[in-house]
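In what follows, a structure is listed as structure tokens, so that the remarks can point back to it.
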Amino acid sequence: MEKLLIIDDDKGIQKQLKWSLSDYEVILADDRESAVAAVRRHEPKVITLDLGLPPDETNASEGLAALDEILAIAPHTKIIVITGNDDRSNALKAVNAGAYDFYQKPIDSDVINVIVARAFSLATIEEENRRMRAVAGSDIGIIGNSESIDRLRMMIKRIAPTEITALILGESGTGKEVTANAVHLASDRKKAPFIAINCASIPETLLESELFGFEKGAFTGAHRTTKGKIECAEGGTLFLDEIGDMPFSLQAKLLRFLQEKKIERLGGRQEISVDVRVVCATNQNLEEMVAEKTFREDLFYRVSEITLNIPPLRDREEDVLILAQYFLQRYALDYKRNIKGFSDDALSAIKNHRWPGNIRELQNKVKSSVIMAPGTQVTAMDLGFFDHIDQSLELSLNLRQVREEAESIAIQKAYALADGNMSKAAELLGVARPTLYSLIEKYELPINVE
């Protein structure tokens with residue numbers, strides 16, 4: 001049932017509206033403070049608002065202030081202003097300020113139902129359009145509908161046609177490589193290679209040859225001439241992830257490549273011209289590293305001609321459910337699972353979790369939940385959020401049933417924590433693998449033991 005917030009200090013009007021609009025879950029508020037609190041808590045799509053709120057019942061100042069405050073925190077909410085017959089000018093002020101519509105007293109049940117139903121219909125259509133636009137951003141891999149993500153997409157599309165070197169900053173798991181690839185996909189280079197290299201994952205002794213390549217005989221084991229990642233990205237984009245971990249001794253050579261667009265392979269004498277767009281990323285503070293003399297100042301200014309900041313997922317509340325739904329549909333298709341959506345406890349858990357691992361954590365949880373879910377809906381338990389399991393379920397006094405339910409939950413939790421590794425799950429549970437297999441079979445748990 002859709003939630004409808006009625007803001008009015010007249011108890012008689014509250015009762016009349018609640019009775020007239022019985023098809024909705026009605027929430028009541030009688031002043032600006034309680035109205036704003038209700039908007040934050042219940043997130044209604046539609047609101048009816050009486051402009052004459054206390055402590056200024058005879059004027060519209062408090063009602064108009066409530067309108068502004070509500071639209072500031074929930075800009076897509078449809079607000080229907082209810083006024084007296086002699087208050088048309090304030091009603092028009094409210095519409096100019098962002099109200100959806102206005103209705104003059106006395107209340108007519110049939111008319112107000114039509115207006116409210118139309119507001120809900122429009123709110124639903126607009127919400128679906130926003131979701132589609134958010135996912136439409138996935139043509140370059142950036143999914144989301146928050147202001148910060150809209151701004152990021154705008155910056156990507158502005159810099160993509162240029163040759164400017166971009167530095168992407170963000171916590172681990174926020175999607176730095178996805179953002180770098182978005183720059184590539186939005187550019188004229190999108191049909192050429194996108195080559196990514198993680199500077200932190202390759203030993204210092206090998207990183208130079210990985211980047212610049214080597215000539216035959218350059219070192220022991222160099223049996224043939226090999227191109228490096230830079231040459232392999234010819235005509236396209238090179239993504240240097242975790243550039244803050246690049247060895248200081250190699251930074252000068254990278255700087256020369258960025259300035260001259262020429263390289264020399266290890267053991268080579270010939271300069272090779274390359275046409276490569278470079279995008280870098282790090283979760284470290286390069287300015288502090290420059291001050292500590294662990295990162296070259298000239299290289300810092302060269303790689304950060306423009307900076308793209310990716311916000312952590314905890315600061316993108318409106319994007320969390322969009323991303324979760326996107327991953328759910330993607331993995332349901334990949335794993336051929338008939339999963340339709342999330343249960344209420346799952347949605348609550350997703351919204352309330354802080355996501356320290358950001359998008360990577362969300363993606364992994366949804367991926368494993370699609371595999372784990374026995375039904376058509378993913379629950380909080382499937383996601384591994386055992387603190388959010390519906391507590392309204394009546395506790396059974398049957399000890400055998402309690403034990404079986406507890407064992408089932410423990411097995412599924414261990415399986416999720418072990419990322420599907422049966423040996424690790426058995427170790428977490430303190431049982432042998434054959435015992436774990438027999439328990440999975442006994443309780444008919446949705447776990448693939450092959």
Side-chain angles (χ1 to χ4, degrees), residues 156 159-169 176-177 179-181 183-184 187-190 192-308:
I156 287 170
I159 70 170
T162 73
E163 293 300 305
I164 196 168
T165 303
L167 176 64
I168 302 171
L169 303 177
K176 293 188 288 294
E177 184 168 344
T179 303
N181 195 40
V183 174
H184 175 71
S187 74
D188 296 335
R189 298 175 177 269
K190 62 183 178 182
F194 173 80
I195 303 294
I197 184 167
N198 189 313
C199 301
S201 65
I202 300 173
E204 181 176 343
T205 53
L206 297 179
L207 184 57
E208 184 176 2
S209 60
E210 277 288 308
L211 280 171
F212 295 94
F214 53 86
E215 297 286 348
K216 180 180 179 180
F219 50 82
T220 304
H223 301 302
R224 59 187 176 86
T225 297
T226 302
K227 290 183 179 180
K229 297 291 188 183
I230 295 174
E231 281 186 86
C232 290
E234 174 65 28
T237 303
L238 175 71
F239 174 50
L240 298 174
D241 197 6
E242 303 301 349
I243 193 170
D245 291 285
M246 175 166 285
F248 195 84
S249 58
L250 189 54
Q251 292 176 21
K253 190 168 183 178
L254 177 65
L255 177 64
R256 183 175 182 277
F257 152 64
L258 290 172
Q259 291 174 335
E260 306 294 335
K261 291 298 175 74
K262 293 180 180 179
I263 63 166
E264 286 183 16
R265 298 182 188 134
L266 265 71
R269 296 288 184 270
Q270 181 183 359
E271 286 189 336
I272 302 169
S273 296
V274 286
D275 174 25
V276 174
R277 166 72 172 280
V278 177
V279 180
C280 305
T282 184
N283 59 10
Q284 299 189 56
N285 189 323
L286 293 187
E287 290 181 326
E288 287 184 0
M289 294 180 68
V290 167
E292 295 165 358
K293 307 296 184 184
T294 56
F295 197 86
R296 290 181 64 108
E297 184 176 14
D298 47 6
L299 180 59
F300 168 69
Y301 289 119
R302 187 63 183 80
V303 300
S304 60
E305 290 179 326
I306 194 163
T307 301
L308 302 177

Side chains of Glu177 and Asn198: donor-acceptor distance under 3.5 Å anywhere?
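Checked: Glu177/Asn198 side chains show no N/O donor-acceptor pair below 3.5 Å.
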Judged by atom type as modelled, is there a donor-acceptor pair below 3.5 Å linking the side chain of [X] to the main-chain atoms of [Y]?
X      : Y      : result
Thr165 : Glu305 : no
Glu210 : Lys229 : no
Glu242 : Ala200 : no
Thr226 : Phe214 : no
His184 : Ile195 : no

[atom1] of [X]: more than 12 outside heavy atoms within 6.0 angstrom?
X      : atom1 : answer
Lys216 : NZ    : no
Glu287 : CD    : no
Glu297 : CD    : no
Tyr301 : OH    : no

Quick check for you: to the nearest 0.5 Å, what is the distance between [X] atom [atom1] and [Y] atom [atom2]?
X      : Y      : atom1 : atom2 : result
Gln270 : Glu215 : CD    : CD    : 8.0 Å
Glu264 : Ile272 : CD    : CD1   : 8.5 Å
Thr282 : Phe295 : OG1   : CZ    : 8.0 Å
Ile159 : Leu308 : CD1   : CG    : 4.5 Å
Ile202 : Ile197 : CD1   : CD1   : 3.5 Å
Arg296 : Leu254 : CZ    : CG    : 10.0 Å

Within a strict 4.5 Å, meaning less than it, do heavy atoms of the [X] and [Y] side chains meet?
X      : Y      : answer
Ile263 : Leu211 : no
Lys176 : Asn283 : yes
Gln284 : Asp245 : yes

Does the distance from a Lys or Arg side-chain N to an Asp or Glu carboxylate O, for [X] and [Y], drop under 4.0 Å?
X      : Y      : value
Glu231 : Arg265 : yes
Arg277 : Asp188 : no
Arg256 : Glu271 : yes

Heavy-atom pair of closest approach, residues [X] and [Y]:
X      : Y      : result
Pro193 : Cys232 : CG-O, 3.5 Å
Leu266 : Ala218 : O-CB, 3.4 Å
Ala192 : Gly235 : CB-O, 3.2 Å
Gln251 : Thr294 : NE2-O, 3.5 Å
Ala180 : Phe239 : CB-CD1, 3.4 Å
Pro247 : Leu207 : CD-CD2, 3.6 Å

Per the side chain to side chain contact (heavy atoms under 4.5 Å, CB included) rule, which among Val276, Val274, Val279 passes with Leu238?
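So, applying the side chain to side chain contact (heavy atoms under 4.5 Å, CB included) to Leu238 and each of Val276, Val274, Val279, only Val276 qualifies.
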Apply the test side-chain contact (heavy atoms from CB on, under 4.5 Å) to residues Val303 and Leu299: give CA-CA distance (whole Å), side-chain angles for both, the deciding distance (0.1 Å), then the verdict.
CA-CA 6 Å; Val303 300; Leu299 180 59; 3.7 Å; yes
For side-chain contact (heavy atoms from CB on, under 4.5 Å), just list the numbers for Lys261 and Asp275, CA-CA rounded to whole Å, side-chain angles, deciding distance to a tenth of an Å, and then say yes or no.
CA-CA 7 Å; Lys261 291 298 175 74; Asp275 174 25; 5.6 Å; no
Decide side-chain contact (heavy atoms from CB on, under 4.5 Å) for Thr162 and Ile306; before the verdict, give the C-alpha distance in whole Å, the side-chain angles of both, and the deciding distance to 0.1 Å.
CA-CA 11 Å; Thr162 73; Ile306 194 163; over 6 Å; no
Please assess Phe257 against Val278 for the test side-chain contact (heavy atoms from CB on, under 4.5 Å), listing each intermediate value before the final yes or no.
CA-CA 10 Å; Phe257 152 64; Val278 177; 3.8 Å; yes
